[in-house]
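For reference, the structure discussed in these notes is given below.
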Protein chains: 2
Amino acid sequence: MDITKKERDCIVVIHDNSKPLPLRLSDVAGLMNIKPPTAHELINRLLSKNIIKKERGMITLTDYGNEIYSEIMMAHRTLEIILTRSGVNSDKACTQVEKVDYLMDTSSIEKLLQTIGNPDKCPHGKPVHAV
Amino acid sequence: MDITKKERDCIVVIHDNSKPLPLRLSDVAGLMNIKPPTAHELINRLLSKNIIKKERGMITLTDYGNEIYSEIMMAHRTLEIILTRSGVNSDKACTQVEKVDYLMDTSSIEKLLQTIGNPDKCPHGKPVHAV
DNA sequence: TAAATATTTTAGCATAATACTAATTTATGG
DNA sequence: CCATAAATTAGTATTATGCTAAAATATTTA
């Protein structure tokens with residue numbers, strides 16, 4: 001399943017801001033700096049792809065959405081580690097990797113991850129295999 | 001300067017097929033599997049970005065276009081080497097890397113390249129710093 | 001050179017992703 | 001039940017991508 005950059009960002013925003021309470025459409029709009037109708041459109045696309053679900057206004061990732069999130073994060077942290085180990089500063093590494101972490105196949109990323117020694121922490125201290 | 005995936009592909013096609021003769025619009029269309037009007041549109045975008053030039057129907061990269069091409073190739077080969085060294089097969093590495101080689105900053109790629117030992121050949125034997 | 005062929009360009013249209021304003025509808029809370 | 005807040009719809013816009021059909025240019029060749 002291919003997703004766009006905005007869909008990727010939306011998945012990450014929903015995952016990372018669902019505690020203590022699940023997000024509503026207006027929260028997503030606020031967090032993504034877009035207007036509610038734009039968020040509505042984006043959310044509808046993610047709903048139709050079965051990546052998120054909405055129950056009484058509460059937006060959460062589906063199991064499938066969580067899988068996608070985990071894959072994005074695995075790629076993100078793997079590539080981030082590779083860049084920072086080469087001397088790219090953390091913030092720069094993060095912005096660079098954000099552009100590509102949702103594009104590559106998990107099978108290739110897994111091989112990379114193994115090569116760099118299966119670290120369980122990324123440069124920011126978050127687990128490489130997030131849920 | 002940001003370019004799109006199709007613009008990236010067009011730059012590569014123009015560079016890699018300019019010998020023995022420079023390409024014409026219909027050649028670009030043929031090589032990219034798109035119809036001439038679509039190629040026309042794409043070529044116009046690249047002309048207005050000063051990436052290519054057209055003289056008597058002959059399409060070539062500008063100096064700026066060649067710079068962009070070199071950066072794409074440097075990123076391509078750097079990432080390709082990293083993937084293949086992790087055990088990803090050449091063809092797979094290439095298709096994965098094509099998705100991202102035009103998106104990342106050259107400064108980060110240069111650091112990666114240094115880390116992997118500044119090889120002057122990529123897995124396919126082409127120089128890492130192509131002109 | 002003139003006719004035939006090939007190439008390029010224009011016009012018109014379509015889709016997907018992104019984004020907005022304004023208006024309407026639906027919820028929620030007091 | 002009413003006021004406010006949130007969500008949705010309607011309408012519009014832009015950029016990138018892609019098409020067909022037609023018109024305009026070039027090029028080639030007879």
Side-chain angles (χ1 to χ4, degrees), chain A residues 1-14 17-18 20-62 65 68-69 72 95 98-103, chain B residues 1-14 17-18 20-61 65 68-69 72 95 98-104:
Chain A
M1 168 76 73
D2 280 349
I3 59 173
T4 65
K5 179 60 163 51
K6 286 291 167 181
E7 287 169 355
R8 176 249 183 239
D9 291 344
C10 193
I11 290 168
V12 173
V13 157
I14 290 168
N17 297 90
S18 285
L21 290 172
L23 299 181
R24 336 193 73 238
L25 186 146
S26 56
D27 301 320
V28 172
L31 290 163
M32 295 186 72
N33 280 299
I34 56 181
K35 301 292 175 200
T38 305
H40 187 252
E41 173 69 29
L42 181 55
I43 283 166
N44 276 163
R45 281 212 308 281
L46 291 171
L47 282 170
S48 73
K49 289 182 178 183
N50 199 33
I51 290 171
I52 62 174
K53 55 181 188 285
K54 203 161 53 159
E55 289 158 319
R56 270 165 296 115
M58 313 292 213
I59 296 165
T60 48
L61 295 181
T62 59
I68 293 177
Y69 175 83
I72 292 170
T95 53
E98 272 174 4
K99 299 181 193 169
V100 306
D101 59 16
Y102 64 105
L103 293 171
Chain B
M1 167 77 73
D2 279 350
I3 60 174
T4 65
K5 179 59 163 52
K6 285 292 168 180
E7 288 169 355
R8 176 251 181 237
D9 290 345
C10 193
I11 291 167
V12 173
V13 158
I14 290 169
N17 297 91
S18 287
L21 291 172
L23 298 181
R24 337 192 74 239
L25 186 147
S26 55
D27 300 321
V28 172
L31 289 163
M32 295 186 71
N33 278 300
I34 57 182
K35 300 295 177 197
T38 305
H40 188 252
E41 173 69 29
L42 181 55
I43 283 167
N44 276 162
R45 282 211 311 279
L46 292 172
L47 282 170
S48 73
K49 289 183 179 183
N50 197 34
I51 291 172
I52 61 173
K53 55 181 187 289
K54 202 163 52 159
E55 290 157 317
R56 272 167 294 117
M58 311 294 213
I59 296 165
T60 48
L61 295 181
I68 293 176
Y69 175 82
I72 292 169
T95 53
E98 271 174 5
K99 297 181 194 169
V100 305
D101 59 16
Y102 65 105
L103 293 171
M104 291 174 60

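Quick note on labels: first sequence line is chain A, next is B, and so on, each numbered from 1.
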Just list the side-chain donor-acceptor pairs under 3.5 Å for residues 20-37 of chain B, sequence neighbours left out, or say none.
from	atom 1	to	atom 2	distance (Å)
B:Asp27	OD2	B:Arg24	N	2.8

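Rounded to whole Å, the distance from CG on A:Leu42 to P on C:dC20 is 11 Å. If you measure from atom CD of A:Glu7 to atom C1' of C:dA16, you get 10 Å, rounded to the nearest angstrom. Rounded to an integer number of Å, the gap from CG of B:Asp2 to C1' of D:dT14 is 16 Å. Atom CD1 of A:Ile3 is separated from atom C1' of C:dA17 by 14 Å (rounded to the nearest Å).
A:Thr62 pairs by the side chain to side chain contact (heavy atoms under 4.5 Å, CB included) definition with A:Asn50, A:Lys53, A:Tyr64, not counting sequence neighbours. Partners of A:Thr4 under the side chain to side chain contact (heavy atoms under 4.5 Å, CB included) rule, at least two apart in sequence or in another chain, are A:Lys6, A:Glu7, A:Arg45.
Picking from C:dA19, D:dG18, C:dT21 the nucleotide with the shortest atom distance to the side chain of A:Lys35 gives C:dT21.
With A:Lys49 contributing its side chain and A:Asn44 its backbone, the two residues share no donor-acceptor pair below 3.5 Å. A distance-only check finds a donor-acceptor pair linking the side chain of B:Lys99 to the backbone of A:Leu103 [under 3.5 Å].
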How would nucleotides 6-11 of chain D be written as a contact map, 5' to 3', with B for base contact, S for sugar-phosphate-only contact and - for no contact, using protein heavy atoms under 4.0 Å? SSBB--
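Applying the 4.0 Å criterion to OP1 and OP2 of D:dA16, one finds that B:Lys5 has every side-chain N and O outside that range. Regarding contacts with the backbone of C:dA17, every side-chain N or O of A:Thr4 stays at 4.0 angstrom or more from both OP1 and OP2.
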